[in-house]
Amino acid sequence: MTERVGIDELLERVRAGLDRIDARTAYEAYEAGDALLVDTRYAALRERDGLIPGALVVERNELEWRLDPLGSHRAPEADSHDLRVVVLCNEGYASSLAAASLHQLGLHRATDVIGGFQAWKAAGLPVLLPAAGRTA
C-alpha cells in the first residue's frame with residue numbers, strides 16, 4: 001500500500017533534499033554565469049508582474065521535457081546534468097516540487113528560490129515591467 005502524504009508534509013520532505021537559495025544568491029549565481037534561472041510562472045502572472053531579464057521561461061507542465069539534458073525536446077541551455085538550475089514560481093511553493101522533479105532527472109544541482117518571484121521583486125532585483133517594457 002502506498003503511504004498517504006499531505007501536500008504540506010510532501011513539501012517539507014522535498015525541501016529537505018534541496019539547497020534552497022534566496023533571491024539575491026540566485027541573482028549573483030546567474031550574474032556569475034553559474035546558474036540558469038527558470039521562470040515557471042504562468043503567463044497571466046508574467047504579464048501582470050513582469051519578467052526576470054535573462055530567465056528562461058518554461059511553463060511548469062513543460063519543465064521536465066525542456067530541461068532534461070537527454071530529452072528530445074530540451075532547451076539549448078539544458079546541456080548537462082551538472083547545470084545549476086534555479087527555478088522560480090510566484091511564491092516558492094511549486095518551484096520546490098519542480099526542483100525535486102529535476103533532481104529525479106539527474107539535475108543534482110537544481111534548486112529553487114525561497115519566496116519565488118515575489119521575493120525577487122521585493123529584494124529590488126531586476127524585473128522587466130510588462131506595461132512599460134522597462135527594467136525596475
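A quick note: this is a predicted structure, and the numbers were derived from the prediction, not measured.
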For [X], give me all partners under side-chain contact (heavy atoms from CB on, under 4.5 Å), at least two apart in sequence or on another chain.
{"X": "A29", "answer": "A35, R84"}
{"X": "E77", "answer": "L36, L56, A75"}
{"X": "D19", "answer": "none"}
{"X": "D8", "answer": "none"}

Salt bridge (Lys or Arg N to Asp or Glu O under 4.0 Å) partners of [X], counting only residues at least two apart:
{"X": "E59", "value": "R46"}
{"X": "E9", "value": "R13"}
{"X": "R15", "value": "none"}
{"X": "R60", "value": "E64"}

(request) Please list all pairs passing the ring-ring contact (aromatic ring centres under 6.0 Å, His included) test where one or both residues lie in residues 55-96, with sequence neighbours left out. (result)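 Listed once each, the pairs would be none.
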(request) Mind checking ring pair (Phe, Tyr, Trp, His ring centres under 6.0 Å) for Y27 and listing every partner two or more places apart, or none if nothing turns up? (result)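 So Y27 forms a ring pair (Phe, Tyr, Trp, His ring centres under 6.0 Å) with W120.
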(message) According to salt bridge (charged side-chain N to carboxylate O under 4.0 Å, His left out), does anything in residues 85-111 pair up with another residue at least two apart or in another chain? List the pairs.
(response)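 Residue pairs with at least one partner in residues 85-111: D34-R109.
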(request) May I ask you to list the residues sharing a hydrophobic cluster with I114, side-chain cutoff 4.5 Å, ordered by chain and number? (result)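 I114 shares its hydrophobic cluster with no other residue.
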